[in-house]
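By convention in this document, chain letters (A, B, ...) are assigned in the order of the sequence lines, proteins followed by strands, and residues within each chain are numbered from 1.
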2 protein chains.
Amino acid sequence: MKLAAVDVRQAASAADIVYDALRKAIIEGDLAEGENLRQDQIAQMFNTSRIPVREALSRLEQHGLITTERYKGAVVAGLSIEEIDEIFEFRALVEAEVIRLAVPNLDKDTLAAARRHCEEFGQETDSARWGEINRSFHYSLYTASRRPYYLQIVQTSLDRIDRYLRAQLTLTNGMTRANREHQAILAACLARDADLASRLTRDHVLNAGRSLVAFLKDQRS
Amino acid sequence: MKLAAVDVRQAASAADIVYDALRKAIIEGDLAEGENLRQDQIAQMFNTSRIPVREALSRLEQHGLITTERYKGAVVAGLSIEEIDEIFEFRALVEAEVIRLAVPNLDKDTLAAARRHCEEFGQETDSARWGEINRSFHYSLYTASRRPYYLQIVQTSLDRIDRYLRAQLTLTNGMTRANREHQAILAACLARDADLASRLTRDHVLNAGRSLVAFLKDQRS
DNA sequence: GATAGAAAAATTGGATCCAATATACAATAC
DNA sequence: GTATTGTATATTGGATCCAATTTTTCTATC
């Protein structure tokens, strides 16, 4: 007899499942900013009690995706223009460093995967998938930095602003610029030019931030 | 009638209280690495049920201060040398940028407060207080950067390694070097030299990291 | 005495129940 | 008609109870 070894203890708890689902829904913008998250309602959706829901909400609050008020409940967190600006500035700092650390470690397979994501991004017409492909492209390169702590921070930063980015990309045409910048970053990686890749990544993030902030300023006024 | 307005809703929940207490205990090293955290035991300590305790543990896990395994419970998280090294490298990157952004905004009062913390750090003989004073010194300057998101990240990074730093400072004499470096950083801030303050902060963090890693390598072998 | 297996105890995850608080709405005074 | 008070309902925070799982202890066997 031959069986694939599976660690059954990896089975997720109800709180994990609820957390993942809510995180995804918030990131993808399926839950509107300011929308109330009723514990009972969510519990029923997942056929569970409110206990795991509360645990999930508590975690989401730690990551800044929702805000809660005692006896009032949780609402999907909204970010001010200033907060969004700060997060993009932060991402530019950290991601520029991550790609710099990654370049020396990039192997053939990683670069090939990044190229695929890059092409996929350019060809995809379903705007709902851009956010995901964008992450895949950058992460495929970032992972080579071998800096799990950096990457975790980058992920929580991305989580906070992803919903805005997606909304903007579907409504404007920031895609073509993003695509061009992706190709330039990839080219710098292929040329093993860490400094250039770092500078381009920094600009890529800052451009996206500037473009998003301008979009939101217009939309919110 | 005239009464001072007080927002009664600020009252913390049981989960908040437990979270704060456990976070403090872990950061200060009162809970040994690998130590089991029994829900029941903690609940009794705080005269509450296990529900808020579980919420607190869930939050602590999100911040990397503990690790949990399904049906097995929570233990105080330990960091490998590599992880500690990475966190110091990350802190050096972010804190160097934060101080650079802070310098232009430093006013008289802030600088005076920083000077007090700096002197206090040099004079304090109770090693248990060094960690706290160290934070106060750096944060008094960092706050002027007006970057709440950066500061939040810096805080969680510090939280992760604080216990190791404190243990080392009590056993070795890294204090005198730290004190000298603090004075240099403060001087650069007084001279409004953002670049120098940034470089010195970067070196300060990297030096602390190198010193700690060397100490731990020796201790763990 | 050491070891494998079964029973018992301990521990966690989740469901249900109760208390505290907030919100919505009706009743009343003016 | 409007503002204020009281009441009913909805919602959250926490306690208690039950099920799933792990850890420990006991026992039989060698």
Self-check item: Distance in angstrom units between A/D40 CG and D/dT12 C1', rounded
Solution: 10 Å

Practice problem: Using modelled atom types only, decide if a donor and an acceptor are shared between the side chain of A/S211 and the backbone of A/N207 within a distance under 3.5 Å. | Solution: no

Practice problem: Please check the phosphate of D/dT12 (OP1 and OP2 only) for any side-chain N or O of A/K72 closer than 4.0 Å. | Solution: no

Quiz prompt | Heavy-atom closest pair, residues A/F88 and A/I161 | solution = CZ-CD1, 3.9 Å

Quiz item: Considering only side-chain heavy atoms of A/A14, which listed nucleotide, C/dG14, D/dT23, C/dT11, is closest?
Solution: C/dG14

Self-check item: Under-4.0 Å side-chain N/O to phosphate OP1/OP2 contact, A/Q39 with D/dG13
Solution: yes

Identify all side-chain donor-acceptor contacts of residues 29-37 of chain A below 3.5 Å with residues at least two apart in sequence or on another chain.
unit_1	atom_1	unit_2	atom_2	d
A/E33	OE1	A/Y164	OH	3.0
A/E35	OE1	A/A32	N	3.0

Quiz prompt | Separation of atom CD in A/E69 from atom P in C/dA22, rounded to whole Å | solution = 9 Å

Quiz item: Using a cut-off of less than 4.0 Å, is there contact between a side-chain N or O of A/R70 and OP1 or OP2 of D/dG13?
Solution: no

Quiz item: Can a salt bridge be assigned to the pair A/D85 and A/K217 using a cut-off of 4.0 Å between side-chain N and carboxylate O?
Solution: no

Quiz item: Rounded to the nearest Å, what distance is computed from the CG atom of residue A/N36 to the P atom of nucleotide D/dA10?
Solution: 16 Å

Quiz item: Is the A/Y150-B/F90 ring centre distance short of 6.0 angstrom?
Solution: yes

Quiz item: Rounding to a whole Å, what distance do you find between B/R50:CZ and D/dA19:C1'?
Solution: 12 Å

Quiz item: Just how far, in rounded Å, is P of C/dA20 from OH of A/Y71?
Solution: 8 Å

Exercise. Run the ring-centre check on B/H182 versus B/H138 and record whether the distance is less than 6.0 Å.
Key: yes

Quiz item: Which whole-number value in Å describes the distance from A/I42 CD1 to D/dT11 P?
Solution: 12 Å

Exercise. Look at the side-chain N and O atoms of B/R38 and state whether any lies under 4.0 Å from the OP1 or OP2 oxygen of C/dT12.
Key: yes

Self-check item: Distance, rounded to the nearest Å, where B/L37 contributes CG and C/dT11 contributes C1'
Solution: 13 Å

Self-check item: Test item: side-chain donor near acceptor, B/E95 and B/Y142, under 3.5 Å
Solution: yes

Quiz item: For DNA chain C, what residues of residues 51-66 of chain A have any heavy atom nearer than 4.0 Å?
Solution: A/I51, A/P52

